[in-house]
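Excluded from the calculations below are hydrogen atoms, water molecules and symmetry mates; all remaining heavy atoms, backbone and side chain alike, are included.
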Amino acid sequence: MRGAALAAAIGTALLAGPVRAEVIELFPSECDASPPLEDLVGPYRLSVFPGTLTDGVRSVAASHHSSHAVSLILMGEDLVLQDASGGPAVSFRYVGPDEPGWRGDDGEVSTEELAEIAGCDVNRLPRLIGSGTTMADGGQVSFTYRLMVWNMTPDHAALIGGMEWSGGGVTVTRRVMMEAQ
């Protein structure tokens, strides 16, 4: 079944915030099948959508939207995101069976609705995770990116998911989408 899906409207607790809809064609064969990391290598456009900023007491909208060039490269057996805008490099690995399920609903779309579109539970889609730390404004910031391989064809790749940055008592969660260029 080939169908159109609103890829950027995925709502999970880790992918919080309103988004601008992007239409991506979904190929259900992606359920239970992780492409080789080398198939994901290349230039991408990383879009970071609005999200939420919280200090543990209050939550406010992080409304800024940005888009810029990044690359995924192989370094040994690691898939590494290199940010052309100077952001930290992020090493990704496929999620193992010990990773908890990704679930949630941010008011836009729930993971259950996404599962209906995909034809399988979202946790059966190929999932990548990358985390690390960097320095920002004189303090250490830790971050985690969670991405799902949403669309994979010989000519195109798209990854969707979320990022979470924490430091100085503040946590920012935002939705992200990477489209091969």
Task: Derivation and outcome, side-chain contact (heavy atoms from CB on, under 4.5 Å), residues His65 and Val48 - done: CA-CA 6 Å; His65 175 267; Val48 179; over 6 Å; no

Task: Intermediate values then yes/no, side-chain contact (heavy atoms from CB on, under 4.5 Å), Leu46 and Val176 - done: CA-CA 7 Å; Leu46 171 63; Val176 298; 4.0 Å; yes

TODO: Decide side-chain contact (heavy atoms from CB on, under 4.5 Å) for Thr133 and Val141; before the verdict, give the C-alpha distance in whole Å, the side-chain angles of both, and the deciding distance to 0.1 Å.
DONE: CA-CA 5 Å; Thr133 60; Val141 177; over 6 Å; no

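Considering only heavy atoms from C-beta on, Val90 stays 4.5 Å or farther from Gln82 through its side chain. In this structure, the side chains of Ile129 and Arg93 come closer than 4.5 Å at one or more pairs of heavy atoms. With a 4.5 Å cut-off on side-chain heavy atoms, Leu128 and Tyr94 count as touching. Here the side chains of Thr173 and Met163 are not in contact, with every heavy-atom distance at 4.5 Å or above. No side-chain heavy atom of Leu147 sits under 4.5 Å from any side-chain heavy atom of Arg127.
In terms of heavy atoms, Pro126 sits closest to Pro35 at CG-CD, 3.9 Å. In this structure, Asp55 and Val57 approach most closely via the heavy-atom pair OD1-N, 2.9 Å. The two atoms that bring Arg45 and Ala69 nearest to each other are NH1-N, 3.3 Å, heavy atoms only. Minimum heavy-atom separation, Tyr44 to Ala157: OH-CB, 3.6 Å.
Checked by atom type and distance alone, the side chain of Gln181 pairs as donor or acceptor with a backbone atom of Glu179 at under 3.5 Å. Not a single donor-acceptor pair under 3.5 Å links the side chain of Asp78 to the backbone N or O of Val80. In terms of modelled atom types and a separation under 3.5 Å, the side chain of Tyr145 and the main chain of Phe92 share no donor-acceptor contact.
One finds no salt bridge joining Arg124 and Asp121 here, because no Lys/Arg side-chain nitrogen approaches an Asp/Glu carboxylate oxygen to under 4.0 Å.
With values rounded to the nearest 0.5 angstrom, Leu79 atom CG is found 4.5 Å from Leu72 atom CG. For the atom pair CD (Glu77) and OG (Ser91), the distance works out to 12.5 Å, reported to the nearest 0.5 Å. In this structure, Met177 CE and Met148 CE are separated by 11.5 Å, a value rounded to the nearest 0.5 Å. One finds the CD1 atom of Ile73 at 14.0 Å from the CD atom of Glu38 (value rounded to the nearest 0.5 Å). A distance of 11.5 Å separates CG of Asp39 from OG of Ser34, quoted to the nearest 0.5 Å. Taking OG of Ser166 as the reference point, atom CZ of Phe143 lies at 11.5 Å (rounded to 0.5 Å).
Here Val172 pairs with Leu53, Val170, Arg174 under the side-chain contact (heavy atoms from CB on, under 4.5 Å) rule; sequence neighbours left out.
No donor-acceptor contact under 3.5 angstrom links the side chains of Thr144 and Ser131, judged on distance only.
Few gaps surround CE on Met135; more than 12 heavy atoms of other groups in view lie less than 6.0 Å from it.
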